[in-house]
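Quick notes on the structure that follows.
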Number of protein chains: 2
Amino acid sequence: MSRPWALDYDTATCNIAAALAVVGEKWTFLVLREAFNGVRRFDDMRRRTGAPRQVLSARLARLVAEGILRKAPYREEGQRSRSEYRLTDKGIDLFPVLASLLAWGDKYASGPGGPSVALTHRDCGAAVAVQLLCGNGHVLKSARDVTPVPGPGARRIA
Amino acid sequence: MSRPWALDYDTATCNIAAALAVVGEKWTFLVLREAFNGVRRFDDMRRRTGAPRQVLSARLARLVAEGILRKAPYREEGQRSRSEYRLTDKGIDLFPVLASLLAWGDKYASGPGGPSVALTHRDCGAAVAVQLLCGNGHVLKSARDVTPVPGPGARRIA
DNA sequence: AAGGCTAAGTCTGCTTGACAGACTTAGCAA
DNA sequence: TTGCTAAGTCTGTCAAGCAGACTTAGCCTT
């Protein structure tokens, strides 16, 4: 690797940045974690993430505005009707991000007892992992086997 | 889904939070993106991420302290010797996180021309994608096919 | 209909972190 | 010894995060 080709291209078109602009904030990830765990209600999320109410409120509103969560009414026995937050398909598609973070955390930052959450295949019960898979069906052992190349939207720097 | 089991367990043991505590900050992801693109030098990273010098400096130091990047000396013709930043294996293992973000960004937040970066398999050239794979070799179509269950490190709330 | 109950917020004052831009450092070369 | 450059640090300003108190809105009981 002499001079990386990336230096000749503009970063403005990078979709990692675009994704991060939407979900890149600290509490947003934790909110999504809870959502994937089936937690849907404001106060549960607040208690479990530790996010200040104001921040949680803002993040939820943003996620709804982006179409990652949607508000749905619910009604607890003897209570008024309130709103809870559910993942949309767009939100569900963020799962690999969370799953990758979890895998990395399990490997490098796990507490004493080991992982506190395991992912299983609903249909067969086996453990689920995030893998890099190429179009020819090869499972890649390491990210070192991946070569990033400029895509159609890449823009050369003048 | 009546009452999610997650509500009965402590969030303190969650390794997603542990991972985010290390790499969860906004600029950190962008720094890693550059690192995976082969960008290694302070000023290149600064220019390409837009991070303020002070913040970049702090993030790089943190990543080195965490063993995700390591400093390596380099020497440009006619210049003094300086340090650049390279991914360690621990850092390389974060690739799926970035790749997932990229895939999501490509799908939902792509600019006009389409993706600006494509991931290819070094050995066969085919496109690489992040997939959910179960222990029995099934490729999962959606995160809805994943069932999270309490792991060995899970701690019930009193 | 008055008042209590609760989840889901908003409001207030304080503190921390981000930021831009100027400045500093350290080794190499002329 | 002076200049050059990448890689930082320093300073003042401003936005964001934060804890804790307060508010809101329906449903229920009395």
Check: When we call it a touch if two heavy atoms are under 4.0 Å apart, what does A:R46 touch: a base, just sugar-phosphate, or nothing?
Finding: nothing

Notebook entry, point to check: How would you label the contact of B:R59 with the nucleic acid (heavy atoms, under 4.0 Å): base, sugar-phosphate, or nothing?
Noted result: sugar-phosphate

Note to self: Would you say the ring centers of B:Y85 and B:F36 fall short of 6.0 Å from each other?
What the structure shows: no

Polar pairs (N or O, both sides) under 3.5 Å between protein and nucleotides 27-30 of chain D?
| unit_1 | atom_1 | unit_2 | atom_2 | d |
| --- | --- | --- | --- | --- |
| D:dC27 | O3' | A:R75 | NH2 | 3.2 |
| D:dC28 | OP1 | A:R75 | NH2 | 3.2 |

Check: Think A:R156 forms a cation-pi with A:Y9, using NZ or CZ under 6.0 Å from the six-ring centre and within 45 degrees of its axis?
Finding: yes

Notebook entry, point to check: Just wondering, do B:P150 and A:V117 contact through their side chains at under 4.5 Å, heavy atoms?
Noted result: no

Next item on the list: Kindly work out whether a path of hydrophobic side-chain contacts (I/L/V/M/F/W/Y, heavy atoms less than 4.5 Å apart) joins B:L133 to B:L119.
Entry: no

Could you write out each protein N or O paired with an N or O of nucleotides 11-14 of chain D at a distance under 3.5 Å?
| unit_1 | atom_1 | unit_2 | atom_2 | d |
| --- | --- | --- | --- | --- |
| D:dT11 | O4 | B:Q54 | OE1 | 3.0 |

Distance check, rounded to the nearest 0.5 Å: [X] atom [atom1] versus [Y] atom [atom2]?
X: B:N15; Y: A:R33; atom1: CG; atom2: CZ; result: 10.0 Å
X: A:R3; Y: B:D44; atom1: CZ; atom2: CG; result: 7.5 Å
X: B:L94; Y: B:D89; atom1: CG; atom2: CG; result: 11.5 Å
X: A:L132; Y: A:L140; atom1: CG; atom2: CG; result: 5.5 Å
X: A:N37; Y: B:C14; atom1: CG; atom2: SG; result: 7.0 Å
X: A:T49; Y: A:L30; atom1: OG1; atom2: CG; result: 6.5 Å

Item checked: Upstream residue (5' side of DNA chain C) when A:A58 and B:K26 are each assigned their closest nucleotide -> A:A58

Notebook entry, point to check: Rounded to whole angstroms, how far apart are CG on A:L56 and P on D:dA19?
Noted result: 13 Å

Notebook entry, point to check: From the 5' end of DNA chain C to its 3' end, which nucleotides mark the outer limits of contact with chain A, defined by a 4.0 Å heavy-atom distance cut-off (strictly under)?
Noted result: C:dT6 to C:dT12

Margin query: Quick check on DNA chain D: between B:L60 and A:A51, whose nearest nucleotide comes earlier from the 5' end?
Written below: B:L60

Notebook entry, point to check: Under the ring-ring contact (aromatic ring centres under 6.0 Å, His included) criterion, do A:F42 and A:Y74 qualify, and how do the steps go?
Noted result: CA-CA 12 Å; A:F42 188 93; A:Y74 76 97; over 10 Å; no

